[in-house]
Amino acid sequence: FFGFTVEFFDYPTFLFLFEEIFVWKPYQFKRTSKQPMILDCGSNIGMSILYFKHVYPDALVVGFEADKRTFDLLQQNVERNQLRNVTLVNRAVMDSNGLVEFYSDPDLPGSLAMSASPERGLKAKAMIESTTLSEHLNSEVDFLKMDIEGAEGGVLRELSDRNRLKLVKEMVFEYHHHERPDEDALSGVL
């Protein structure tokens with residue numbers, strides 16, 4: 001589609017991502033430069049990066065994906081489509097650097113539910129490396145996309161604490177409410 005060739009784990013997830021990203025267009029933003037800077041947290045297999053490069057072909061994109069198996073397919077999709085000015089980081093974006101527990105389902109690679117949150121009840125747990133977003137945000141960013149399955153609040157707080165949130169012109173993030181039944185942090189995020 002649109003001149004791209006995409007490898008994916010399963011067709012229903014691919015179709016969902018295509019519709020969500022290319023049809024609904026939640027990641028469309030008003031560019032103010034020919035070469036916008038985009039941070040894509042939670043890149044999965046790269047559908048969002050393909051969208052960014054389709055709409056903003058000269059964009060500089062940094063994509064973060066925590067799961068190693070999904071990251072390998074993401075890397076393959078970027079390379080296969082010869083996407084330029086794309087940097088990929090195989091780490092979870094969190095509010096601190098180090099090792100974190102990461103939950104996935106080996107029977108559903110590329111699952112959109114993978115998370116550092118044990119409450120999702122996924123089958124497999126692994127220790128993976130995490131990074132703070134502020135470590136990668138040293139100059140103005142045109143667009144920040146965050147789909148990091150429950151870690152958004154901590155990441156936004158860390159950016160604010162380090163006075164880096166002001167460097168983001170526009171952002172879209174998926175907020176996951178009631179990950180923990182006794183916790184609702186939407187007001188703090190907002």
E149 vs R120, test: side chain to side chain contact (heavy atoms under 4.5 Å, CB included). Steps then yes/no. CA-CA 10 Å; E149 305 307 308; R120 292 184 170 218; 2.8 Å; yes
How far does CZ of F143 sit from OH of Y56, to the nearest 0.5 angstrom? 7.0 Å
Connected via hydrophobic side-chain network under 4.5 Å: Y51 and L74: yes
I need the single residue from N77, I45, D72 that forms a side chain to side chain contact (heavy atoms under 4.5 Å, CB included) with E7. Which is it? N77
Would a hydrophobic clustering, with Ile, Leu, Val, Met, Phe, Trp and Tyr connected at side-chain separations under 4.5 Å, put Y175 with V168? yes
Just checking, any donor-acceptor pair under 3.5 angstrom between side chains of S33 and Q35? no
State whether R91 and E65 are salt-bridged, where the test is any N-O pair (Lys NZ or Arg NE/NH1/NH2 against Asp/Glu carboxylate O) under 4.0 Å. no
Considering all heavy atoms of both residues, which atom of K53 and which atom of A59 are nearest to each other, and what is their separation? NZ-O, 2.7 Å
Measure the spacing between CG of D142 and CG of L39 and express it to the nearest 0.5 Å. 9.5 Å
Contact between F173 and I148 at the side-chain level, heavy atoms closer than 4.5 Å - yes or no? no
Any side-chain heavy-atom pair of K25 and V55 under 4.5 Å: no
Give, for atom CG of L133 and atom CG of L156, the distance between the pair rounded to the nearest 0.5 Å. 9.0 Å
Find out whether R164 and N138 are in side-chain contact, i.e. whether some heavy atom of one side chain is under 4.5 Å from a heavy atom of the other. yes
List, by chain and number, the other hydrophobic cluster members for V100, where Ile, Leu, Val, Met, Phe, Trp and Tyr join if side-chain heavy atoms come within less than 4.5 Å, directly or indirectly. M94, F102, M114, I128
Is any side-chain heavy atom of M146 closer than 4.5 Å to a side-chain heavy atom of V172? no
Of V155, I38, L159, the residue whose pairing with L144 passes side chain to side chain contact (heavy atoms under 4.5 Å, CB included): L159
Carefully, step by step, assess F64 and V62 under the rule side chain to side chain contact (heavy atoms under 4.5 Å, CB included). CA-CA 7 Å; F64 299 86; V62 180; 3.7 Å; yes
Angle between ring planes, F16 versus W24, binned at 30° and 60°: parallel, tilted or perpendicular? perpendicular
Would you say L50 ends up clustered with F71 if hydrophobic residues are merged whenever their side chains have heavy atoms under 4.5 Å apart, either directly or through other cluster members? yes
V61 reachable from M171 in the ILVMFWY side-chain graph, under 4.5 Å edges: no
Could you list all the salt bridge (Lys or Arg N to Asp or Glu O under 4.0 Å) pairs where at least one residue sits in residues 30-41, not counting sequence neighbours? K34-D58, D40-K145
Nearest 0.5 angstrom please: I21 CD1 to Q28 CD, how far? 13.0 Å
Shortest non-hydrogen contact between Y27 and S48, atoms and distance: CE1-CB, 4.0 Å
Are any side-chain N or O atoms of D67 and backbone N or O atoms of S104, one a donor and one an acceptor, separated by less than 3.5 Å? no
D95 with R157: basic N within carboxylate O range, under 4.0 Å: no
Using a 4.5 Å cut-off on heavy atoms from C-beta on, say whether the side chain of S139 contacts that of M37. no
Under a 4.5 Å cut-off applied to non-hydrogen side-chain atoms, are P36 and F29 in contact? yes
For a 4.5 angstrom cut-off between non-hydrogen side-chain atoms, does F14 reach V6? yes
Would you tell me whether E135 and N97 have side-chain atoms, one donor and one acceptor, within less than 3.5 Å of each other? yes
Linking I/L/V/M/F/W/Y whenever their side-chain heavy atoms sit closer than 4.5 Å, directly or via other members, would V141 and V86 fall into one cluster? no
What closest approach, in Å, do I49 and S43 show between heavy atoms, and which atom pair accounts for it? CD1-OG, 3.7 Å
Just wondering, do V93 and S130 contact through their side chains at under 4.5 Å, heavy atoms? no
Is it the case that the side chains of E158 and S134 hold a donor-acceptor pair, with the cut-off being a distance below 3.5 Å and no angle test? yes
For Y103, which fellow cluster members are found when Ile, Leu, Val, Met, Phe, Trp and Tyr are connected by side-chain heavy-atom distances below 4.5 angstrom, either directly or through intermediates? L122
For F1, I'd like to know if atom CZ has over 12 heavy atoms of other residues, nucleotides or ligands within 6.0 Å. yes
Name the orientation class of the two ring planes belonging to F22 and F18 (parallel below 30°, tilted from 30 to 60°, perpendicular beyond 60°). parallel
So, the side chain of N81 versus the backbone of L83: is there a donor-acceptor pair under 3.5 Å, distance only? no
Ignoring hydrogens and geometry, is there a side-chain-to-backbone donor-acceptor pair from K123 to P106 under 3.5 Å? no
The test is side chain to side chain contact (heavy atoms under 4.5 Å, CB included); show your working for H136 and T131 and say whether it passes. CA-CA 9 Å; H136 304 271; T131 185; 2.9 Å; yes
Output the distance between atom CG (N163) and atom CG (D161), rounded to the nearest 0.5 Å. 10.0 Å
